[in-house]
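Structure first, then comments.
For this chain, numbers begin at 1 and follow the sequence in order.
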Amino acid sequence: MNPALTVPPAVGADAALLDGFSLEMTGKDVPRLEEAQGSIPRGTRINITFLAGEDLGMRLAAARAVRRLGFVPVPHISARRLPSRAALEEFLSGLAADGTAENVFVVGGDPARPEGPYEDALAVLRTGLLQRHGVRHVGISGYPEGHPAIADRTLWSALTDKAAAIGAHRFGGDVITQFGFDVEPVLSWLEAARARGVHLPVRIGVPGPAGVRRLLGYATRFGVATSASVARKYGFSLTNLMGTTGPDRFLHTLAQRYDPERHGAVKVHFYTFGGLRHTAEWITAFRQTAAPGTRTP
């Protein structure tokens, strides 16, 4: 047997960074969650997206399944996809009846024009309906690399206003960021958010292991930088799109550069792109490799 090697402190920090990680799924991913449940720690927060083509019944059933399997459901509320105040009340009432309303994530949503009365996430926060239906914790979105359709000044104003509303209504809260391939803009954004008085815990969005072509497709959609140098730092090449890549290098760099005094409370949120089991197993392997103590070469 090879002699054990002491793991450098930074490697132990990699594993610690994943304490309390969260995952994301869609309403259609319940069978995948059931398949992956043995690889996910009980009590893990699992966000459930609010997509077009998924009806109320599917969204409620997904939240129930997350809870039944021993995890914490975090249903999304997409402000611009809500056709009416009654639709919001119906969704929240259904969550409350099922015991899955305590944690929600409120986002503006993709439609260029609102389908109902809510222009953005702040409008939903200001309705008073969340606390009325038992919501205790609200997640909101952050964009370290900006948004392709929203000016940076508007994004910062929205973030500070939403954080203030969470505090005013005495919710617990956190910020979940859009994923990216480069640690530098994430850390710069964290410092800027703290400087603007946003002190909510932040969950850094990280893509789970996936095909390079698929990752680039999502990156293009969300305005995530994918230059040749950024891709190389992350661990893939723009000239070879057939492979699969994970966030190993990103997380190593984040652990090395993260400073609680400057960046505040930080955890990791994985966008699974339908690969719940693959992501969960990757996390387990990564944590075992990066655990403090000893390992074999």
Fill in: Among Val138, Val104, Asn47, Leu23, the one residue meeting side chain to side chain contact (heavy atoms under 4.5 Å, CB included) with Val74
Asn47

Worksheet item: Which side-chain hydrogen bond (donor to acceptor under 3.5 Å, both in side chains) pairs, counting each pair once, include a residue from residues 186-199, with sequence neighbours left out?
Response: Glu191-Arg262

Practice prompt. Mind running side-chain contact (heavy atoms from CB on, under 4.5 Å) on Val30 and Met25 for me, showing each step along the way?
Written response: CA-CA 8 Å; Val30 171; Met25 61 176 277; 4.1 Å; yes

Response to the item:
Contacts satisfying salt bridge (Lys or Arg N to Asp or Glu O under 4.0 Å) that involve residues 266-279 (not counting sequence neighbours) are Glu35-Arg277, Arg277-Glu281

Worksheet entry | Pairs involving residues 53-73, ordered by first then second residue, that meet ring-ring contact (aromatic ring centres under 6.0 Å, His included) (sequence neighbours left out) | none

Worksheet entry | Check ion pair Asp182-Arg249 (N to O, under 4.0 angstrom) | no

Practice prompt. For Glu90, enumerate each residue passing the side chain to side chain donor-acceptor pair (under 3.5 Å) test, keeping only those at least two apart in sequence or located in another chain.
Written response: none

Item to complete: List for me each residue that meets salt bridge (Lys or Arg N to Asp or Glu O under 4.0 Å) alongside Arg32, sequence neighbours excluded, and say none if there are none.
Response: Asp29

Item to complete: Taking atom CZ of Arg68 as the centre, report whether more than 12 heavy atoms of other residues, nucleotides or ligands fall under 6.0 Å from it.
Response: yes

Worksheet entry | Under the side chain to side chain contact (heavy atoms under 4.5 Å, CB included) test, residues paired with Thr284 that sit two or more places apart | Gln288

Discussion item. Within this structure, what is the CD1-CD1 distance for the pair Ile204 and Ile176, rounded to the nearest 0.5 Å?
Written reply: 10.5 Å

Discussion item. Count I, L, V, M, F, W, Y as connected when their side-chain heavy atoms are under 4.5 Å apart, and connections chain through other members. Are Ile48 and Met58 then in the same cluster?
Written reply: no

Worksheet item: Strictly under 6.0 Å, is that where the ring centroids of Phe250 and Phe179 end up?
Response: no

Worksheet item: How about Leu60 and Leu56: do any of their side-chain heavy atoms sit closer than 4.5 Å?
Response: yes

Discussion item. Tell me every residue that passes ring-ring contact (aromatic ring centres under 6.0 Å, His included) with His278, counting only those two or more places apart in sequence or in another chain.
Written reply: none

Worksheet item: Distance-only, no hydrogens or angles: does the Thr160 side chain make a donor-acceptor pair with backbone N or O of Trp156 under 3.5 Å?
Response: yes

Fill in: Distance-only polar pair, side chains of Arg45 and Asn103, donor-acceptor under 3.5 Å
yes

Worksheet entry | Sidechain-backbone polar pair: Thr49 side chain, Leu51 backbone, donor-acceptor under 3.5 Å | no

Worksheet item: What's the spacing between Leu125 CG and Asp161 CG if we round to 0.5 Å?
Response: 10.5 Å

Worksheet, complete the sentence: So OH of Tyr258 and NE2 of His263: to nearest 0.5 Å the spacing works out to 8.5 Å

Item to complete: Name all residues meeting the side chain to side chain donor-acceptor pair (under 3.5 Å) criterion together with Glu115; count only those two or more places apart in sequence or in a different chain, and write none if there are none.
Response: none

Discussion item. Which label fits Phe286 and Trp282: parallel for a plane angle under 30°, tilted from 30 to 60°, or perpendicular past 60°?
Written reply: parallel

Worksheet entry | Nearest-0.5 Å distance that lies between atom CZ in Phe21 and atom CD1 in Ile40 | 7.0 Å

Practice prompt. Compare every heavy atom of Pro75 with every heavy atom of Leu95, then report the nearest pair and how far apart it is.
Written response: CD2-CG, 3.7 Å

Worksheet item: Between Val72 and Arg67, is any pair of side-chain heavy atoms under 4.5 Å apart?
Response: no

Discussion item. Let me confirm one number: the CZ-OG1 distance from Phe273 to Thr279, rounded to the nearest 0.5 Å.
Written reply: 8.5 Å

Item to complete: Report yes or no: does Thr100 contribute a side-chain atom to a donor-acceptor pair with the main-chain N or O of Pro73 at less than 3.5 Å?
Response: no

Practice prompt. Show the numbers, then the answer: is there a side-chain contact (heavy atoms from CB on, under 4.5 Å) between Leu88 and Val124?
Written response: CA-CA 9 Å; Leu88 173 58; Val124 172; 4.2 Å; yes

Worksheet item: What pairs meet the ring-ring contact (aromatic ring centres under 6.0 Å, His included) rule with one or both residues in residues 103-135, with sequence neighbours excluded?
Response: His76-Phe105

Worksheet item: Any luck finding a side-chain donor-acceptor pair between His137 and Glu102 under 3.5 Å?
Response: no

Worksheet entry | Thr272 side chain to Glu24 backbone, donor-acceptor under 3.5 Å | yes

Fill in: Val175 and Ser141, any side-chain heavy atoms less than 4.5 Å apart
no

Worksheet item: Under the side-chain hydrogen bond (donor to acceptor under 3.5 Å, both in side chains) rule, what pairs show up with a residue in residues 51-62, not counting sequence neighbours?
Response: none

Worksheet item: With Phe91, which residues qualify under ring-ring contact (aromatic ring centres under 6.0 Å, His included), at least two apart?
Response: Phe50

Item to complete: Starting at CD1 of Ile150, measure out to OG of Ser157 and round the result to the nearest 0.5 Å.
Response: 11.5 Å

Worksheet entry | Pair Arg203, Ser22: side-chain N/O donor-acceptor within cut-off below 3.5 Å | yes

Fill in: Beyond-backbone contact of Pro207 with Phe181, side-chain heavy atoms, under 4.5 angstrom
yes

Practice prompt. Verify side-chain contact (heavy atoms from CB on, under 4.5 Å) between His269 and Tyr271, making sure each step is shown before the conclusion.
Written response: CA-CA 7 Å; His269 177 77; Tyr271 293 92; 3.9 Å; yes

Worksheet item: In chain order, what residues pass the salt bridge (Lys or Arg N to Asp or Glu O under 4.0 Å) check against Glu119, with sequence neighbours excluded?
Response: Arg80

Worksheet item: Between Ile140 and Asp174, is a side-chain contact (heavy atoms from CB on, under 4.5 Å) present by the stated rule, with each step listed?
Response: CA-CA 6 Å; Ile140 55 176; Asp174 58 18; over 6 Å; no

